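Please read all numbers here as calculations on a predicted model, not as lab measurements. Sequential numbering from 1 along the given sequence is applied to the chain's residues. Note that these values count all heavy atoms, side chains included, but never hydrogens, waters or copies made by symmetry. Note that ligands are numbered from 1 as they come in the structure, with each ligand's atoms numbered from 1 the same way.
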Amino acid sequence: MGAVNGGTLKDRRNYFKMKYKTAVGLVLLSLIVSNEALRILVCYPMTSKSHSILGHGVVNRLLEAGHEVTHITSFPRGIAHPNLREVNVSRIAEAFLEDKKSTEEFALKNMVGKGNFAESVMFLYYVYLIHKNFLEFPSVVELFSDPNEKFDAVILEWFFTELNSGIPALFDCPLIWVCSTEPDWHAFRIMDGITNPAYSLDLFTHYTLPLSFWQRAEGLYKLVKKNLQLLVFYQFEKWTYNSYYPAVAAKRGVTMPPYEEAVYNGSLMFLNAHPSIGGAMKLPQNTVNIAGYHIDKTKPLPQDLQKLMDEAKDGVIYFSMGSILESSGMSENMKRSLLNMFSKYKQTVIWKFETDLTGIPDNVHLVKWAPQTSILAHPNLRLFITHGGQLSTSEAIHYGVPVVGLPVMADQVLNMKSTAAKGFGIHVTISEDMYEDLDTAVRKVLDDKTYAKKAKELSALFHDREMPPGKAVPYWVEYIVRNRGAPHLRSPALHVPLYQKLYLDLAVVLTIIIVLITKAVKYILGCRSKEQKKEKSS
Ligand SMILES: *[C@@H]1O[C@H](CO)[C@@H](O)[C@H](O)[C@H]1NC(C)=O
């Protein structure tokens with residue numbers, strides 16, 4: 001500054017030029033930043049760990065792209081980030097402690113081959129209650145009611161209910177769904193229409209394509225049955241929608257669209273799927289496969305695990321039953337038999353086990369928490385024994401690791417059937433006397449190199465895309481905001497009622513015509529035969 005005051009005219013001019021340039025630069029920069037940074041609301045009502053990992057995946061990718069995110073979650077990360085605000089709704093789960101117990105119970109029931117909670121009305125009711133509690137959670141109501149809160153897009157986890165579909169209307173911005181599983185007709189229902197059960201599978205089915213005659217018949221029967229259930233729930237949800245949203249909307253000075261419009265107003269649906277791990281499904285234009293998007297850049301292993309895996313000259317087997325079904329909940333007999341089985345392998349076994357256990361063989365290493373992706377990334381890893389959840393299967397394929405699956409519930413069976421059909425793993429039915437089967441499967445995957453080879457091939461397919469899935473998340477969110485909800489991508493099928501899709505109206509018209517023609521023909525023939533009779537008798 002002093003230099004300017006005392007300097008020559010030229011100095012002074014240069015100084016002002018510089019100042020001007022910096023100012024213009026700053027203005028431009030702020031324009032660019034404010035143009036690019038979107039304000040996005042991300043809602044993950046489901047209270048389980050695996051769903052929340054997928055929610056954090058969405059948030060991480062948006063933060064990396066420079067956007068501002070408000071994340072409503074049951075598992076806040078608690079690490080401050082200048083562009084992130086977290087709303088903690090973990091207390092929703094407390095109301096469900098009783099249900100958590102029953103979650104484990106039904107899992108165990110499934111272990112002996114009975115009970116299918118996920119296909120029952122109770123499942124729909126459970127999902128409905130979680131979403132209702134989510135909406136009514138005090139800090140959520142406060143956020144939604146505040147007229148100063150503004151968002152450019154709302155991202156909602158889709159999980160078997162559309163109760164949340166009113167949230168984007170509160171903020172007058174586009175709705176983007178994220179389907180956490182392989183999508184099936186339930187999800188496609190709100191984006192396009194119910195898929196044909198002859199060649200598209202229900203998420204909870206135990207069949208694989210192609211279907212036999214009876215499997216197709218059963219598929220159709222279940223589809224009709226479940227749709228009748230949904231019809232009942234739809235009324236519940238509509239009632240809840242109408243009793244919840246208008247009050248909140250009034251505080252913001254907006255009016256709510258009718259429920260039947262809000263449900264079908266999704267601009268886009270992200271699918272946690274990819275044909276390399278699941279099926280090649282027929283997709284509406286406004287759906288995007290993003291399986292693998294939640295996987296961060298591989299972090300280094302903790303030192304002890306790094307050393308253990310580096311030194312395992314015969315390779316490593318990693319065993320984890322995921323975050324809902326903890327291994328520590330297994331029966332004593334199951335634990336002992338597994339340890340006994342593992343002790344016979346020359347490989348090192350890393351077992352994610354949540355409590356302490358005595359009498360552990362030398363080659364078995366228990367960890368209470370497992371850095372799963374870093375373990376899967378290690379070159380010495382030979383096999384992953386998993387419960388077959390969507391997260392674990394996609395992570396296995398991301399890193400090209402063959403699996404042995406012990407599916408317990410929900411979509412895990414379908415995932416493992418698909419894995420086996422694709423040839424990168426073996427499906428074993430979980431039970432108290434599964435050890436022979438499990439041992440055979442483990443040895444087969446370790447000895448027969450085709451499994452590892454197939455896993456590497458599928459991993460290459462998984463990564464060979466027009467855009468990495470992590471980049472697709474911000475890309476499509478920005479696309480939808482830029483194009484005001486991108487109505488041009490929506491399926492025209494949403495406006496065609498079922499009777500028109502099935503051509504029932506045409507069938508009625510044709511039936512009437514045929515009946516009329518038959519009647520006319522009969523009438524004419526009748527007249528003629530009368531005339532002939534008259535002629536004969538005269
Ligand atoms: C549907 O979404 C579009 C795009 O976000 C929005 O402009 C419109 O108001 C929404 N319609 C209803 C009925 O909510």
Side-chain angles (χ1 to χ4, degrees), residues 35-45 58 62 65 67-72 131-132 134-135 140-141 143-158 161-179 183 187-193 234-271 283-288 290 472-497:
N35 265 351
E36 277 184 351
L38 300 175
R39 291 176 57 83
I40 299 164
L41 174 65
V42 179
C43 303
Y44 270 74
V58 171
L62 292 172
H67 299 304
E68 283 174 36
V69 182
T70 298
H71 186 198
I72 313 183
H131 285 74
K132 186 168 172 290
F134 172 84
L135 286 174
V140 171
V141 175
L143 177 80
F144 289 177
S145 311
D146 184 350
N148 295 320
E149 294 288 351
K150 300 219 163 28
F151 296 104
D152 297 303
V154 172
I155 301 182
L156 302 174
E157 178 186 34
W158 180 86
T161 174
E162 289 85 38
L163 206 49
N164 283 349
S165 61
I167 301 172
L170 290 174
F171 299 102
D172 189 23
C173 68
L175 157 57
I176 297 172
W177 297 107
V178 190
C179 180
F188 287 129
R189 199 179 92 252
I190 55 168
M191 300 308 287
D192 177 57
Y234 186 83
Q235 298 309 322
F236 257 115
E237 291 176 353
K238 187 173 171 177
W239 177 79
T240 310
Y241 178 96
N242 287 332
S243 62
Y244 175 81
Y245 286 104
V248 179
K251 289 190 191 140
R252 305 187 55 86
V254 294
T255 43
M256 291 302 293
Y259 186 51
E260 41 279 19
E261 278 179 39
V263 167
Y264 296 103
N265 204 32
S267 291
L268 186 87
M269 186 180 264
F270 285 121
L271 309 172
L283 299 185
Q285 295 282 328
N286 54 357
T287 56
V288 186
I290 52 162
V473 173
Y475 171 83
W476 279 101
V477 172
E478 287 158 21
Y479 181 94
I480 291 298
V481 173
R482 197 160 62 229
N483 295 296
R484 295 188 177 73
H488 66 292
L489 293 182
R490 305 219 182 157
S491 168
L494 287 176
H495 304 292
V496 182

Undergrad: Quick check against the 3.5 Å criterion: does H67 have a side-chain atom that pairs as donor or acceptor with the backbone of L38?
TA: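 Here the side-chain-to-backbone pair exists.
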
Undergrad: Pick out the protein N or O atoms lying less than 3.5 Å from any N or O of ligand 1, and list each pair with its distance.
TA:
residue: ligand 1; atom: 2 (O); partner: N265; partner atom: OD1; Å: 3.3
residue: ligand 1; atom: 2 (O); partner: N265; partner atom: ND2; Å: 2.4
residue: ligand 1; atom: 11 (N); partner: N265; partner atom: ND2; Å: 2.8
residue: ligand 1; atom: 14 (O); partner: N265; partner atom: ND2; Å: 3.1

Undergrad: Would you check, one step at a time, whether the test ring-ring contact (aromatic ring centres under 6.0 Å, His included) holds for F236 with W239?
TA: CA-CA 5 Å; F236 257 115; W239 177 79; 7.7 Å; no

Undergrad: Using the benzene-type ring in the case of Trp, are the ring centres of Y259 and Y245 under 6.0 Å apart?
TA: no

Undergrad: So, for A187 and W158, which heavy atoms are closest and what is the spacing to 0.1 Å?
TA: N-CH2, 3.7 Å

Undergrad: Checking H488 against Q285: is there a side-chain donor and acceptor pair closer than 3.5 Å?
TA: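 Short answer, no.
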
Undergrad: May I ask you to check whether over 12 heavy atoms, not counting those of R482, lie within 6.0 Å of atom CZ?
TA: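 It does: R482 CZ has more than 12 such atoms within range.
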
